2 protein chains.
Amino acid sequence: MTTIKDIARVAGVSVTTVSRALNGYSDVNKKTRQRIEEVAKELNYSPNTVARSLVMKKSKTIGLLVSDMNREGVKDNFTFEVLCGINEASANSDYDLVLFSTTSSKQSQKTYTQLCRERRVDGVILQGIKTDDPYLQEVVESDIPCVLVDIPQESETVGYVTTDNVEGAKKAVAHLIERGHKNIAMINGHEKADVSIRRLQGYMEVLNNEKVPYRSEWIKNGDFKEKVAEEVAMELLTEHPEITAVFCASDLMGLGVLKAVNKIGKKVPDDIAVIGYDDIMLASYANPSLSTIRQDKFKLGFEAAVLLIDMLEGREQSHARIIDTELIIRESTK
Amino acid sequence: MTTIKDIARVAGVSVTTVSRALNGYSDVNKKTRQRIEEVAKELNYSPNTVARSLVMKKSKTIGLLVSDMNREGVKDNFTFEVLCGINEASANSDYDLVLFSTTSSKQSQKTYTQLCRERRVDGVILQGIKTDDPYLQEVVESDIPCVLVDIPQESETVGYVTTDNVEGAKKAVAHLIERGHKNIAMINGHEKADVSIRRLQGYMEVLNNEKVPYRSEWIKNGDFKEKVAEEVAMELLTEHPEITAVFCASDLMGLGVLKAVNKIGKKVPDDIAVIGYDDIMLASYANPSLSTIRQDKFKLGFEAAVLLIDMLEGREQSHARIIDTELIIRESTK
DNA sequence: ATGAAAGCGCTAACAT
DNA sequence: ATGTTAGCGCTTTCAT
């Protein structure tokens, strides 16, 4: 493998000059630069970024700590869309992505921070991490620049990207009320997700504002899983036949609710209206198709990467980016 | 940031001893090792893998060259499932993944090989690359260990993982024949995909074996895209009303065909039977649900990573892994 | 069992 | 405009 030393020898100059020429410094004679570039091409030279990283103390890599990159996670392409966004943003920069593959057993031996420090990533994006994850706190407290997806925390080195979940939930519930529903249940995710807390808040706010009564028995957690949501909904709708509409904190759970309604012999949307959250691919293909609050998942990832790179390059701005949501009306609330 | 030098100073030993102790060499006094480990923990030491890579000439990273990691690619979770498999396999090893983010404009300036050499990845997995991609040849000809997903090429440093596409196609078409169909069309992907060539081969073989006639006009390319397949199918089914069944080289195209049949006022499966390929999530949610040939995409990725790591560690075996397919019968061929 | 010294490929003062 | 030198943090001969 060719090194700048080889080039220097062949071109009859010092390694310093080679380094400067190849890195586009101005204080290099035009002729010399040309000669060096020629030789570099001739010898099929590729710079060694590892060596460069060592001396520069910058690796030009972004670490990715993403949950649900396992056999389970494939059901839902939320994570993938975020990933695509991150990928596209970093493709526009000179950063590459390091995907930290970590299993739960490995995680107990080596913390996120260790992972990041060992690989010397310049910054890290966290996605799909629960708020009570012990390592979240660790990363946030470390001095590694870090952007969180859907966890609003901010500091000198920590930024976040999220959608306005309170607002999104309000849109969903307001839509149900507009459709004439009074007894609106909610299937939420779990308490360890910030989005769940906010979507619940939005749900309650609208009901309060619109003076629509709600009951705490109508609110259940479905753990963001289709199957769990289905079971919970079966119970809920059987025990509380007064419910005519369900707001779900994710489309996957919405799909579960669709199945549940079907199983208890009722019809969507005539007997029970259902609205989800996210707008995953399946939502429009479900039967009936699922109304939902669209989040631009791609943009979520894109903006996360842009924000992190901005932070890394010292382009200071706010460390928070909020992305719009959009109400998508389909058959399940018609 | 703590280095082994710091540890050496505090522990009162040389850096050599620290290195040996921390790397588990046997020729270190038990007491000394303990002391060093203590100090390392005290100083919150993390090894610098960049420095290690430089001297060892091994980065313990695997490069990923994946297509469709952009806004377009999100429709189809094939890539994501493969990625999850790769991720899980590398999580079981001590390799991390480097996702090369490259745009088409960037690609013209810097080739895959350059990318790999600059980042000093130990090996690379290619996924979703067309067979006429100029860089494919380049990577294959380079000495970088490489595993291809769905492109059967093999050499000293090149391996591949794929499913048996001829066999898969045969299963699909045999199933249609069994259902009584005689006039079976095929919507293929494109010629630049090895899987398309093989699936076409399987289609022809079964028809020949079973003495079912076929016409070249019944075979069209849909470029693996839902919309294109829909348009092509509209034309095909209108011009050739004798066709009663369509074999599609991907589920996404199968979905397009479902729409086309609907648009021309016919019914699936009564008038036209449709079978896809892949078994993506949407297939089971479509209406009618789509029969298909299931590929274990997760396993495809998993085995690709395992194979590459085996190659990197010198565990020599065959460089080819073939994965099973499975016929999934749903409503679209009932 | 431990240490001294060299060197991986590169950048960056600091000369000249 | 170019070269000399040191050093990034680590591993690895080669001594002792």
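Predicted model, so just to flag it, every value in this text is computed and none were measured. Convention: sequence-line order gives letters A, B, ...; per-chain numbering from 1.
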Enquirer: Tell me: CG of B:L54 to P of D:dG7, nearest whole Å?
Expert: 17 Å
Enquirer: Would you mind telling me which residue lines up with the more 5' stretch of DNA chain C, B:V18 or A:T3, judged by nearest nucleotide?
Expert: B:V18
Enquirer: Name the residue from A:L22, A:D6, A:V39, A:I36 that meets the side-chain contact (heavy atoms from CB on, under 4.5 Å) definition with A:Y45.
Expert: A:L22
Enquirer: With heavy atoms under 4.0 Å as the rule, sort A:V50 into base, sugar-phosphate or nothing.
Expert: nothing
Enquirer: Record whether the side chain of B:R120 comes under 3.5 Å of the base of C:dG9 through a donor-acceptor pair of N or O atoms.
Expert: no
Enquirer: Looking at B:T16, does any N or O in its side chain come under 4.0 Å of the phosphate oxygens OP1/OP2 on C:dG3?
Expert: no
Enquirer: Go nucleotide by nucleotide along DNA chain D from the 5' end; which of A:G12 and B:V15 gets its closest nucleotide reached first?
Expert: A:G12
Enquirer: Distance check: side-chain N/O of A:Y25 vs OP1/OP2 of C:dA12, anything under 4.0 Å?
Expert: yes
Enquirer: For the side chain of B:A51, counting heavy atoms from C-beta on, which of D:dG9, C:dA12, C:dG3 is nearest?
Expert: D:dG9
Enquirer: OP1 or OP2 of C:dC8 sitting under 4.0 Å from any side-chain N/O of A:N48?
Expert: no
Enquirer: Looking at A:T32, I'd like to know whether one of its side-chain N or O atoms comes within less than 4.0 Å of OP1 or OP2 on D:dA1.
Expert: no
Enquirer: So, for B:H319 and B:Y160, is the gap between ring centers shorter than 6.0 Å?
Expert: no
Enquirer: Determine whether the side chains of B:T49 and A:E118 contain a donor N or O and an acceptor N or O closer than 3.5 Å.
Expert: no
Enquirer: If I take atom CG in residue B:D27 and atom P in nucleotide D:dT12, what distance separates them, rounded to the nearest angstrom?
Expert: 12 Å
Enquirer: I need the NZ-P distance between A:K57 and D:dG7, as an integer number of Å.
Expert: 13 Å
Enquirer: Below 4.0 angstrom from OP1 or OP2 of D:dG3, is there any side-chain N or O of A:S14?
Expert: yes
